[in-house]
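Following: one structure in structure tokens, then a few remarks.
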2 protein chains.
Amino acid sequence: MNTLAEENYLKCIYHLAIDAGVVSTNQIAASLNTRASSVTDMLKKLADKALINYTRYQGVSLTDAGEKIAIGIIRKHRLWEYFLVEKLNFKWDQVHEMAEEMEHISSEELIDRLDEFMGHPKHDPHGDPIPDCNGNFKSVELKPVSALAINQCGVISGVRDHSSPFLQYLEKQQLTIGKKVTITDIIEYDHSVALKTETDKEIYISREVANNLLISL
Amino acid sequence: MNTLAEENYLKCIYHLAIDAGVVSTNQIAASLNTRASSVTDMLKKLADKALINYTRYQGVSLTDAGEKIAIGIIRKHRLWEYFLVEKLNFKWDQVHEMAEEMEHISSEELIDRLDEFMGHPKHDPHGDPIPDCNGNFKSVELKPVSALAINQCGVISGVRDHSSPFLQYLEKQQLTIGKKVTITDIIEYDHSVALKTETDKEIYISREVANNLLISL
DNA sequence: TTCATATTTTAGATAAGTCTAAATTTTTTA
DNA sequence: TAAAAAATTTAGACTTATCTAAAATATGAA
Ligand SMILES: [Mn+2]
Ligand SMILES: [Mn+2]
Ligand SMILES: [Mn+2]
Ligand SMILES: [Mn+2]
């Protein structure tokens with residue numbers, strides 16, 4: 001099978017390609033905290049294994065085989081995150097690093113049984129969709145709070161920033177996945193936003209937070 | 001922390017030292033399916049880290065620090081095996097290889113919460129004791145069936161051979177952990193043994209099986 | 001006790017994954 | 001469109017963990 005490093009590169013390329021399509025060497029290097037020269041070395045190896053489409057200086061994309069592997073790893077990552085939160089009572093800001101290790105446990109049968117044990121969850125603790133055992137998942141179009149207008153309402157369904165400080169902040173504000181919110185005000189001056197929760201509590205968030213908090217309408 | 005290879009060496013030395021005290025280079029090489037020269041290289045590294053006591057040509061033993069790490073890995077291995085059998089419904093012959101990977105997941109908090117989630121089990125699916133979060137466990141003195149006399153009885157509490165074929169065979173014979181058995185006959189000619197279960201079913205096992213099936217009296 | 005054999009260590013290579021520094025190619029800017 | 005800047009690749013080196021072959025040490029049988 002594939003090494004841990006190869007799996008991490010494939011997953012990284014998959015995530016970067018969601019916005020960009022073709023992914024550059026420097027993007028990968030930045031995302032994996034490594035050097036561009038190291039990335040080039042690995043790209044050659046992945047291209048030899050037919051997991052990416054790669055032409056020198058032109059960036060890369062995943063082949064179908066590469067994408068399948070990447071989605072498999074993401075499935076494992078998200079299922080383990082769900083397990084850690086739902087069964088072991090970790091907070092949503094504590095699980096990512098552990099899942100980074102657990103996503104490389106190789107057994108497919110293990111992950112399928114874990115999936116079944118937890119009742120085939122559709123979303124991980126951060127609202128991201130969990131691919132099924134065939135790699136299928138539907139991604140709902142989400143909008144950042146910053147893209148909404150006054151009086152629009154929706155359900156908190158995802159985050160753009162997965163960092164611990166951001167997630168902890170959201171939890172303290174009770175802005176967690178599944179909560180229904182309505183935009184009550186948008187301050188022109190600094191683009192900060194006022195929200196109302198179901199319990200009519202009013203919460204003010206900065207433009208930065210509004211950019212990273214995703215809503216389904 | 002320690003690399004995966006280092007952890008595997010420490011665990012291996014721990015297991016070999018249970019019988020022998022001091023462990024030889026060749027024993028480790030045989031157990032890890034590697035070459036004596038590779039073992040020597042690693043022993044130097046582990047000695048530098050003060051995890052083993054090592055003098056050239058004289059074999060090795062674990063230091064307290066090394067033993068603590070080894071027991072921690074064994075704790076993880078056995079807890080994951082328990083999880084796989086009790087929560088994910090794997091058979092006892094299917095879990096060892098998966099646990100070999102999972103025992104290297106680093107988080108201590110994860111394993112402590114897993115332990116709690118499962119109600120602090122005392123033994124893994126093969127009857128081996130699970131160390132607690134301080135590394136403590138009591139190992140009961142077990143005897144192979146081959147060491148018992150006619151009419152002696154006891155409870156199946158462990159196995160010496162953890163291979164899939166052996167465990168599958170035992171399961172088919174319903175000779176599983178916790179079953180109470182009584183020796184009804186010992187054939188002088190080939191040292192095979194006849195056992196009686198609680199349900200008065202009579203089972204004949206070879207000397208080899210009798211050697212690998214452990215009983216607590 | 002001595003020598004043949006077994007065990008262990010050393011020497012020198014290899015592969016994976018990473019790095020720095022230099023060379024090359026592409027892109028931008030003037 | 002030609003130089004400057006940025007991006008990418010190549011060259012060569014390092015670390016970890018492995019290997020084979022040769023050398024060193026220990027062991028045990030005569
Ligand atoms: Mn994550
Ligand atoms: Mn997640
Ligand atoms: Mn095991
Ligand atoms: Mn076990």
Side-chain angles (χ1 to χ4, degrees), chain A residues 1-14 16-17 19-62 66 69-70 73 100-101 103-106, chain B residues 1-14 16-17 19-62 66 69-70 73 100-101 103-106:
Chain A
M1 251 292 92
N2 306 290
T3 66
L4 187 141
E6 287 167 352
E7 290 189 348
N8 282 336
Y9 273 87
L10 291 173
K11 182 173 60 127
C12 171
I13 294 167
Y14 179 90
L16 291 173
D19 326 285
V22 154
V23 178
S24 76
T25 301
N26 267 0
Q27 280 181 291
I28 298 168
S31 173
L32 291 178
N33 259 292
T34 184
R35 297 307 177 142
S37 56
S38 308
V39 174
T40 300
D41 287 344
M42 182 59 87
L43 294 184
K44 288 177 189 167
K45 212 190 336 168
L46 294 174
D48 284 346
K49 295 179 115 182
L51 299 175
I52 60 172
N53 306 114
Y54 171 56
T55 351
R56 280 166 70 214
Y57 293 104
Q58 301 309 138
V60 292
S61 61
L62 294 177
I69 293 168
I73 296 161
E100 286 288 301
E101 289 183 59
E103 71 191 7
H104 301 290
I105 302 295
S106 58
Chain B
M1 253 289 95
N2 307 289
T3 66
L4 187 141
E6 287 168 352
E7 290 190 347
N8 283 335
Y9 273 87
L10 291 173
K11 183 172 60 126
C12 170
I13 294 166
Y14 179 89
L16 291 172
D19 328 286
V22 154
V23 178
S24 78
T25 301
N26 268 0
Q27 280 180 291
I28 298 169
S31 171
L32 290 179
N33 258 292
T34 185
R35 299 304 177 146
S37 56
S38 308
V39 174
T40 301
D41 287 344
M42 182 58 88
L43 294 184
K44 288 176 188 167
K45 214 195 328 174
L46 293 174
D48 284 347
K49 294 179 117 181
L51 300 176
I52 59 172
N53 307 113
Y54 172 55
T55 354
R56 279 167 70 214
Y57 294 102
Q58 301 309 139
V60 292
S61 61
L62 294 177
I69 293 168
I73 296 160
E100 286 288 301
E101 289 184 59
E103 71 190 7
H104 302 289
I105 302 294
S106 58

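All values below were derived from every heavy atom in this structure, side-chain atoms included, with hydrogens, water molecules and symmetry-related copies excluded. Proteins come first, then strands; the chains are lettered A, B, ... in the order of their sequence lines, and each starts at number 1.
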**Message:** Could you check whether any side-chain N or O of A:Q27 sits under 3.5 Å from a backbone N or O of A:L16, counting only pairs where one atom can act as donor and the other as acceptor?
**Reply:** no
**Prompt:** Does any non-hydrogen side-chain atom of A:I105 lie less than 4.5 Å from one of B:I105?
**Reply:** yes
**Request:** Under the side-chain contact (heavy atoms from CB on, under 4.5 Å) rule, collect the residues that match up with B:E7, sequence neighbours excluded.
**Result:** B:N2, B:I73, B:H104
**Request:** Would you please name every residue forming a side-chain contact (heavy atoms from CB on, under 4.5 Å) with B:A17, sequence neighbours left out?
**Result:** B:V23
**Complete:** Taken to the nearest whole Å, CE/A:M1 to P/C:dA16 is 16 Å
**Prompt:** Can you name the residues that form a side-chain hydrogen bond (donor to acceptor under 3.5 Å, both in side chains) with A:S61, not counting sequence neighbours?
**Reply:** A:N53
**Asked** Side-chain N or O of B:R35 less than 4.0 angstrom from OP1 or OP2 on D:dT18?
**Response** no
**Complete:** Scoring nucleotides 5-12 of chain C by protein non-hydrogen atoms under 4.0 Å (B base, S sugar-phosphate only, - none) yields --SBBB--
**Complete:** For residues 46-61 of chain B, the salt bridge (Lys or Arg N to Asp or Glu O under 4.0 Å) pairs (sequence neighbours left out) are B:E6-B:K49
Enumerate all atom pairs, one protein N or O and one N or O from nucleotides 1-5 of chain D, separated by less than 3.5 Å.
none

**Message:** With the threshold set at under 4.0 Å for non-hydrogen atoms, list the residues of residues 4-12 of chain B touching DNA chain C in residue-number order.
**Reply:** none
**Message:** Could you tell me how far apart B:I28 (CD1) and D:dT18 (C1') are, to the nearest whole angstrom?
**Reply:** 16 Å
**Request:** I would like to know whether A:Y9 and A:T34 meet side-chain contact (heavy atoms from CB on, under 4.5 Å); could you show each step before the answer?
**Result:** CA-CA 11 Å; A:Y9 273 87; A:T34 184; 3.9 Å; yes
**For A:T3, side-chain hydrogen bond (donor to acceptor under 3.5 Å, both in side chains) partners two or more places apart** = none
**Item:** Under the side-chain hydrogen bond (donor to acceptor under 3.5 Å, both in side chains) test, residues paired with B:S37 that sit two or more places apart
**Value:** none
**Prompt:** For B:L32 and D:dC19, what is the distance between atoms CG and C1' respectively, to the nearest whole Å?
**Reply:** 15 Å
**Which residues share a side-chain hydrogen bond (donor to acceptor under 3.5 Å, both in side chains) with A:E103, sequence neighbours left out** = A:K11, A:H77
